[in-house]
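Notes follow the structure.
The first residue of the sequence shown is numbered 1, and numbering continues consecutively from there. Just so it is clear, the structure is predicted and the values come from calculations on it, not from any experiment.
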Amino acid sequence: MVADGTVNSRRYACLLAGVLHVSTPQTSHAFDFFGLFGERPPAVSTQAVAYQLDIQGLGSDATALTAVRDVSILHRLRAEAPQNGDELVRRAEADLPRIVDALWGSGYYAAKVSIVVGGQAITLDRPAGVGARATIDSFRGRALVPVAVIVETGPLYRFGRVQVLDQRSELPFDPAVLPPRLVSIKPGDPARTEDVLGAAATLADHFRDRSHPFVKVGRRQPVIDHPSRTVDLTLMVDPGARAGIGGIGVSGTQQVDPAVVRSFIYAERGDPYSRKAMADIRRSVARIEAIGGVRVREGTALDANGQLPIDVEVTERPLRVLGGSLRYSTIDGPALKAYWAHRNLFGGAERLRLDADLFYFTGNQNWPGGSTRRGFNTDDIGGRLSASFLKPALWGTRNDLLVDAFVQREITDLYTSNLANATVAVRHRFTDTFNVRAGVEGEVGRSIDVLGRYDYGLVGLPVAASYDTTDRPLDPSRGVRVTATVTPYLGFGAAPDTFLISRIQASAYYAIDEQARTILAGRVAFGSILGGTLADIPASRRFYAGGGGSVRGYEFKSLGPRDAFGNVTGGKSLFEASLEARIRITETLGVVPFFDMGQAYSGSLPDGSAPLRYAAGLGLRYYTAVGPIRFDVAVPLQRRTGERPYAFYVSIGQAF
């Protein structure tokens, strides 16, 4: 979705949700939009003893306040008024030891707690009397019972000596086995149970990654020194036996051949066990379109060979899917898209997908021989009808069969192209991150642009390779992604006798912080056509720059060589590069400053015959469970006459 700074704007629909609050005659509440003005107190009732809770004494210690709220029955059931004063007192008395334990866990080992209910104080050594219950009952139907949890925290205790010992020898680990930096708790840190649990989890993960699947982390009774207000902590680690991956089973398949699932498991018996190995299995099996969920179950004991058996349990997705969309753009005009897919056609996770995409072109081809708009014209109807078939795991191997065919009428400001294309290829998956594909392609078509009208035929041998170590497809935070294609062609008709088209694109992602709240992302792309002249190459096969997936800020395919009248002809080579800083401000919102550059050239190599064009901009990201929703605004730098002052883009997923 893209728009420029004048009338060229792609329209998109926004779903607006509203909330209507209806009050009953018995009670009335002020309107509170999504709770922005605080929590609404419970209503006074003659049927129960409603109360209002206040926790005092914790100041700005949000960690301790959260811990108290998590264990407090009074807090958890505050919207459910007790039937009488006796029930409210029981809640308060049950809370006292729980809150004290929570404060100890927050580092306050000298804390004192009292709960005042309706003016009656309750402590651990002074339970409520009979009169307190009657006093509380007197609030029924008259007012909310004030309940205050009063905390006297005392001093915050801190860790004194912190040590991690090997339970087998009760000696410290060798630094080569357990680097000191992995012990996250340091002397002087607040003595909080949450931090101890986090440190124990880190230690367990470290040894699991070193092929110890049954590591156990415990702790000795902490030694509390009240005069110095310190807590000595000793964590005991039993790594357990080192193990590799044992037998790998597959379960849960109902209509999908288990051999297909096995072909997407790249781990082998005897490979080192680690958390990453288990995660890689989940991720690779989830790539099967017929599979909806993947769970890796680890064995509870080692097998006779000292290895850990695992079971890959899967759930299958619905067999068929139907979808569609309706869109409008003042650049491209109205468009309708529909698709149907079957995810398990013959029981081997075969995917068949049919797509229909139709549009009505409302632009102008302002070049000699190009069409201009004069009312409705059937020649301005374009679209694409396509079918694709995927047969994964041929005969249980890591080879996949891919068949694609389509007929297309493409109408742009630069050219009109009518063609039919079919490709048959075999892809070999070396690993989950690296695959190579080779096939045969045939195409017949007609191309009309500023350089002329050409009827042509092509036979190609496409070869492609893909390497992808990124962690998330729509919003990567770490890793690299490289795709490369090389296709030699034999031409017929107006096409060159032989020529070769190649393209490579690489992107890298680096998270500056551990939580990946700031990510640096970069992309570079290169394309080249060897053989033939520019005029011989079909217009749809030439290289163009500009647009949302290229150099943002410029119109789609608006950068490249031009003829004597200033019309873009496309080029025989391409260079593009982008740099972004993806900064997450909250859990759902982020900003992305970015810089793009690129150009298409008339020669087979980027020879500098045309100057690079640059653009800069700022994006907004709204993060969802599916992926980020992208809104980018870009400005072309050193803008030329006729170029738009800015452009914006809306889509799901990052720009690259």
Side-chain angles (χ1 to χ4, degrees), residues 15 248-267 278-297 310-327 335-358 383-408 420-429 431-433 435 437 439 464 466 468 472-475 624-627 629 651-653:
L15 181 64
I248 302 175
V250 174
S251 63
T253 55
Q254 297 179 0
Q255 302 181 71
V256 175
D257 185 351
V260 175
V261 178
R262 290 191 182 94
S263 81
F264 280 81
I265 300 174
Y266 300 94
M278 300 299 102
D280 287 346
I281 292 174
R282 284 191 295 269
R283 182 174 66 174
S284 61
V285 173
R287 296 187 190 278
I288 304 173
E289 294 189 37
I291 300 301
V294 183
R295 181 175 182 180
V296 179
R297 294 183 179 273
I310 64 172
D311 179 71
V312 180
E313 182 182 5
V314 301
T315 56
E316 298 177 1
R317 302 173 71 182
L319 292 178
R320 299 170 183 84
V321 60
L322 178 68
S325 64
L326 181 65
R327 64 186 187 273
L336 173 66
K337 181 175 183 178
Y339 66 91
W340 173 90
H342 195 298
R343 298 187 175 113
N344 190 27
L345 195 61
F346 304 120
E350 299 90 353
R351 186 262 295 144
L352 174 64
R353 175 165 173 150
L354 306 177
D355 287 82
D357 192 349
L358 302 177
R384 177 184 175 113
L385 302 176
S386 62
S388 64
F389 176 77
L390 166 65
K391 172 65 180 82
L394 288 169
W395 305 291
T397 68
R398 294 179 183 171
N399 297 318
D400 307 326
L401 174 67
L402 302 96
V403 181
D404 295 278
F406 64 89
V407 293
Q408 173 178 289
N421 181 285
T423 304
V424 178
V426 173
R427 176 180 62 197
H428 180 73
R429 295 174 274 111
T431 66
D432 185 46
T433 59
N435 66 77
R437 182 176 64 193
S466 175
D468 189 346
R472 297 188 296 263
L474 292 179
D475 186 23
T624 70
V626 176
I629 297 176
S651 68
I652 296 177

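Other residues, nucleotides and ligands place more than 12 heavy atoms under 6.0 Å from the CG atom of L354. Annotation: R437, atom CZ; neighbour count of heavy atoms from other residues, nucleotides and ligands within 6.0 Å does not exceed 12. Within 6.0 Å of atom CZ in R287, more than 12 heavy atoms from other residues, nucleotides or ligands are found, so the atom counts as buried in its surroundings.
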Worked verdict on E313 versus R297 for salt bridge (Lys or Arg N to Asp or Glu O under 4.0 Å) | CA-CA 7 Å; E313 182 182 5; R297 294 183 179 273; 2.6 Å; yes
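Side chain of R353 to main chain of H342: no donor-acceptor pair is present (N/O by atom type, distance under 3.5 Å, no hydrogens or angles). Checking side-chain atoms of T315 against main-chain N and O of G293 turns up a donor-acceptor pair under 3.5 Å.
Listed by chain and residue number, nothing satisfies the side chain to side chain donor-acceptor pair (under 3.5 Å) test with S284 (two or more places apart in sequence, or in another chain). A search for side chain to side chain donor-acceptor pair (under 3.5 Å) contacts involving D311 returns S251, not counting sequence neighbours.
In this structure, the separation between CG on N344 and CD on Q255 is 6.0 Å, given to the nearest 0.5 Å.
No salt bridge links R282 with D280; every basic N to acidic carboxylate O contact stays at or beyond 4.0 Å.
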In a table with atom names and distances, give each donor-acceptor pair under 3.5 Å that connects a side chain of residues 387-404 to protein atoms at least two apart or in another chain.
| unit_1 | atom_1 | unit_2 | atom_2 | d |
| --- | --- | --- | --- | --- |
| S388 | OG | R351 | NH1 | 2.8 |
| T397 | OG1 | L394 | O | 2.6 |
| T397 | OG1 | N399 | N | 3.2 |
| T397 | OG1 | N399 | ND2 | 3.4 |
| R398 | NH1 | F430 | O | 3.4 |
| R398 | NH2 | E268 | OE2 | 3.2 |
| N399 | OD1 | H428 | ND1 | 2.7 |
| D400 | OD1 | A393 | N | 2.9 |
| D400 | OD1 | R429 | NE | 3.4 |
| D400 | OD1 | R429 | NH2 | 3.1 |
| D400 | OD2 | R427 | NE | 3.2 |
| D400 | OD2 | R427 | NH2 | 3.0 |
| D400 | OD2 | R429 | NE | 2.8 |

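Partner of V296 under the side chain to side chain contact (heavy atoms under 4.5 Å, CB included) criterion, chosen from I281, I265, V285: I281.
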